[in-house]
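See structure below.
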Amino acid sequence: MGAAGAAILASAASAQSINWASFSLDNSRLNSAASVGLSDTEEKDYAYADFDQDGYIDLISVRKQPYTTTGRRNNVLFMNEGGTLVDRTSQYAVASDVPGDQGFLTATNDRDVAIGDLNNDGWLDFVTATTFTPNQAKTLSHPRVYMNLGEVGGVWQGFVHEEARIPSWGTYPNMCGVAIGDVTGDGFAELYFSHYEQEADVDLNDRLLINDGTGYFTDESSARMTSAMRGSSFGTSAVMDDMNGDGAIDVISVSGSGATGGLTRSSIAYNNSNNEGFFNLLQIPYDGAPYHVATGDLNADGLRDMILSDDADDRYLLNQGNDAFGRVQWGPAQTFATDDGFGSNNYIIDIDGDGFDEAIICDVDVDIPGCGRRLHIYHNRGTVAGSSVQLREERQGSNYGAMGLPQLAGVHDVAIFDIDNDGDKDMVVGRCNGTRVYMNNRDLVGTDYCTQAVPNSTGQAADMQIIGSPVAEENDITMLATNLPSGTFGFFLVSQTQGAINQPGGSVGVLCIAGAIGRYVGPGQILNSGAFGEFTLAADTTAIPQPTTSIPALPGDTFNFTAWFRDSVGGSSTSNFADAVSVTFR
């Protein structure tokens, strides 16, 4: 595996371990000086994209001394060279239009970074948000814009810091978060900054910068947004997203101050789709003490939801459609099952590739020292678009293996993207005591079919998944059935013929296979779904069961897998089936 050890994010609730995602530690994927890589003890915030257009995703790490301090640090540009992240800061990120400035090699207090094509030249640029740098020159105290120089003669040129692209806000702007999005609808990206107000600071509130069409920005905050929309106390995070689906980009921000008179809220400033670029409605979906916000579609219903890292319990809110004014109607702010205190950077990302986004919350607070909490990865166990959301950490025990509880502790930020171009998402984890790289080594295999699966007594249709490798000779697939009634018995079925047989043998469900059906009913193969309503079984691809024998899976063969299980309806015993997965081996 090219790794120090295997790490499986799995359920410890029963003997049947649910391998929904699996990672192996492979720090050889990070090539840099230890002080900015594997042994980096500074605060780290990440952003990633393919900057040089070579087909591999690159990584930015902006760094500062942790917590509410003025200690500036150098940033790092990791270029992805065939699946290895190599520090190429000196080659590609030191140019600047400010005499004496060395780009990323100039120590700054950059706390956030966002990526976008600012001048529409087809090359991705980025912007950093800089905090805690009072009474310094603009080049150190203000957000910094880095323009992608593109190619000359087929050779990528890297980035240049260009100070003149943004206006001046005086000696202490103290911006903590940055978002990029086209709020005017003209095809050019705007910038929104979260202001990290402290009692001794100049109170700028959040700021909206408008792109002139060439990547230069003017502050039009007051002309386009009310002061209430931009109000901020300890603003650390912002997102630009179309929350109400009207085609105009809205601004979502947080303010987490607990100071007297300070704002504690998550707010949405709605863009007026009839006068795009001007904001006409303010909404406060949550009034706790949030520090970070992320948006995404948690239940795959096409509507934008949000998660919030809070000083108290972290929350997620589901979008339930719009009201008569075009504002989102939010469901209740729901808590996660496991939460060990303050949180920071958070994300909504589909880690396991099943079409349902996970919720990820880092733990190191931006203000208060302490690395004793841990990263939380909440598996989204949804199976039907628009259904209720099931977010659960798949293992609550103390032994995660290579990605164990100690390895999840003290995380400033995590970058989740495909490092090695194999089609699944890997992780760069930035901790208080260093950086770690975890490679995704288990994939969902095959194609789901048979959407006729009938909901069981849980109210959900059972979901069939295959995890592992479709390469026959690797003999590495695991069958997984979820959304089952708890404590029920069942087993897996397989056939080379697809079908849709209604209520066979008195079942209430649909059998999604036909023809010669094999049953996994040997010793240890009749399974119990346990407390969490799921079971799993490793399948031997050298001996796929048939009605009277078994056969090997050969390259080019297609097998279809489903699961049968006992259930009850109205107090009467019956049975049901999961949907099915078709796997073509190679």
Side-chain angles (χ1 to χ4, degrees), residues 1-10 19-52 54-63 73-89 93 104 113 115 344-347 349-353 358 360-364 371 374-377 395 400-443:
M1 269 189 311
I8 299 174
L9 301 180
N19 301 332
W20 76 275
S22 173
F23 294 85
S24 58
L25 179 66
D26 191 354
N27 287 335
S28 69
R29 300 278 183 173
L30 196 68
N31 185 345
S32 70
S35 61
V36 297
L38 297 180
S39 300
D40 183 4
T41 59
E42 307 299 344
E43 179 180 322
K44 297 167 278 289
D45 283 84
Y46 297 133
Y48 47 88
D50 182 5
F51 294 119
D52 58 357
D54 68 347
Y56 283 85
I57 298 174
D58 311 303
L59 177 69
I60 294 169
S61 175
V62 297
R63 306 164 64 247
R73 298 293 185 265
N74 298 339
N75 298 330
V76 187
L77 174 65
F78 291 101
M79 299 304 296
N80 191 331
E81 300 178 2
T84 299
L85 299 169
V86 182
D87 179 1
R88 297 299 186 192
T89 307
F104 265 22
V113 55
I115 297 169
S344 58
N345 294 311
N346 54 28
Y347 303 97
I349 297 174
D350 183 4
I351 292 178
D352 58 1
E358 276 65 54
I360 302 97
I361 299 180
C362 302
D363 62 276
V364 178
C371 297
R374 64 176 175 85
L375 172 72
H376 292 273
I377 301 173
R395 171 167 287 196
Y400 272 73
M403 190 186 283
L405 291 181
Q407 286 72 43
L408 297 177
V411 175
H412 289 286
D413 201 7
V414 57
I416 303 173
F417 64 98
D418 186 0
I419 294 174
D420 54 355
N421 267 11
D422 67 348
D424 53 35
K425 289 182 173 64
D426 312 300
M427 292 190 193
V428 178
V429 180
R431 300 179 58 210
C432 293
N433 64 354
T435 305
R436 299 292 180 266
V437 180
Y438 292 94
M439 303 302 293
N440 193 329
N441 53 33
R442 294 293 294 273
D443 304 313

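- Nearest heavy atom pair, residue Ser32 against residue Asp87, reads CB-CB, 3.5 Å.
- Residues satisfying the salt bridge (Lys or Arg N to Asp or Glu O under 4.0 Å) test with Arg63, not counting sequence neighbours, are Asp40.
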task = Let me see the working for Asp426 and Asp418 under side chain to side chain contact (heavy atoms under 4.5 Å, CB included), right down to the final yes or no.
result = CA-CA 5 Å; Asp426 312 300; Asp418 186 0; 3.6 Å; yes
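- A donor-acceptor contact shorter than 3.5 Å links the side chain of Thr89 to the backbone of Leu77.
- One finds the CG atom of Asp424 at 11.5 Å from the CG atom of Asp350 (value rounded to the nearest 0.5 Å).
- Using a 4.5 Å heavy-atom cutoff, the side chains of Asn74 and Val36 are not in contact.
- Distance alone, capped at 3.5 Å, places no donor-acceptor pair between the Asp45 side chain and the Val62 backbone.
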query = What's the verdict on side chain to side chain contact (heavy atoms under 4.5 Å, CB included) for His412 and Cys432, showing C-alpha distance, side-chain angles and the deciding distance?
reply = CA-CA 7 Å; His412 289 286; Cys432 293; 3.8 Å; yes
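- Asp363 places a side-chain N or O within donor-acceptor distance of the main-chain N or O of Val411, the cut-off being under 3.5 Å.
- No donor-acceptor distance shorter than 3.5 angstrom exists from the side chain of Tyr56 to the backbone of Thr84, with no hydrogens or angles considered.
- Between His376 atom NE2 and Leu408 atom CG the span is 9.0 Å, to the nearest 0.5 Å.
- What you find for Ser61 and Phe78 is that their closest heavy atoms are CB-CE1, 4.1 Å.
- You'll find the side chain of Glu43 stays beyond 4.5 Å of the side chain of Val364, heavy atoms only.
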query = Can you list the steps and then say if Asn345 with Tyr46 is a side chain to side chain contact (heavy atoms under 4.5 Å, CB included)?
reply = CA-CA 10 Å; Asn345 294 311; Tyr46 297 133; over 6 Å; no
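- Using a distance-only test at 3.5 Å, with no hydrogens or angles considered, a donor-acceptor pair links the side chain of Arg431 to the main chain of Ala409.
- When every heavy atom of Ile416 is checked against every heavy atom of Tyr48, the shortest pair comes out as O-OH, 2.9 Å.
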ask   = side chain to side chain contact (heavy atoms under 4.5 Å, CB included) between Phe23 and Ile351: does it pass, once the steps are laid out?
value = CA-CA 11 Å; Phe23 294 85; Ile351 292 178; 3.8 Å; yes
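- Of all heavy-atom pairs spanning Ile419 and Asn80, the tightest one is O-ND2, 2.9 Å.
- With Asp26 contributing its side chain and Met439 its backbone, the two residues share no donor-acceptor pair below 3.5 Å.
- Side-chain atoms of Asp420 and Arg29, non-hydrogen and from C-beta on, do get closer than 4.5 Å to each other.
- Taking the side chain as every heavy atom from C-beta outward, Ile349 and Phe417 never approach each other to under 4.5 Å.
- Distance check: Thr41 OG1 to Asn433 CG gives 8.5 Å after rounding to the nearest 0.5 Å.
- Scanning both residues, Val437 and Asn27, for their nearest heavy atoms gives N-OD1, 3.1 Å.
- Between the Asn421 side chain and the Gly55 main chain, a donor and an acceptor come within less than 3.5 Å of each other.
- Residues Val113 and Ala47 share a closest heavy-atom pair of CG1-CB, 3.6 Å.
- Annotation: the span from Arg88 atom CZ to Asp58 atom CG amounts to 11.5 Å, rounded to 0.5 Å.
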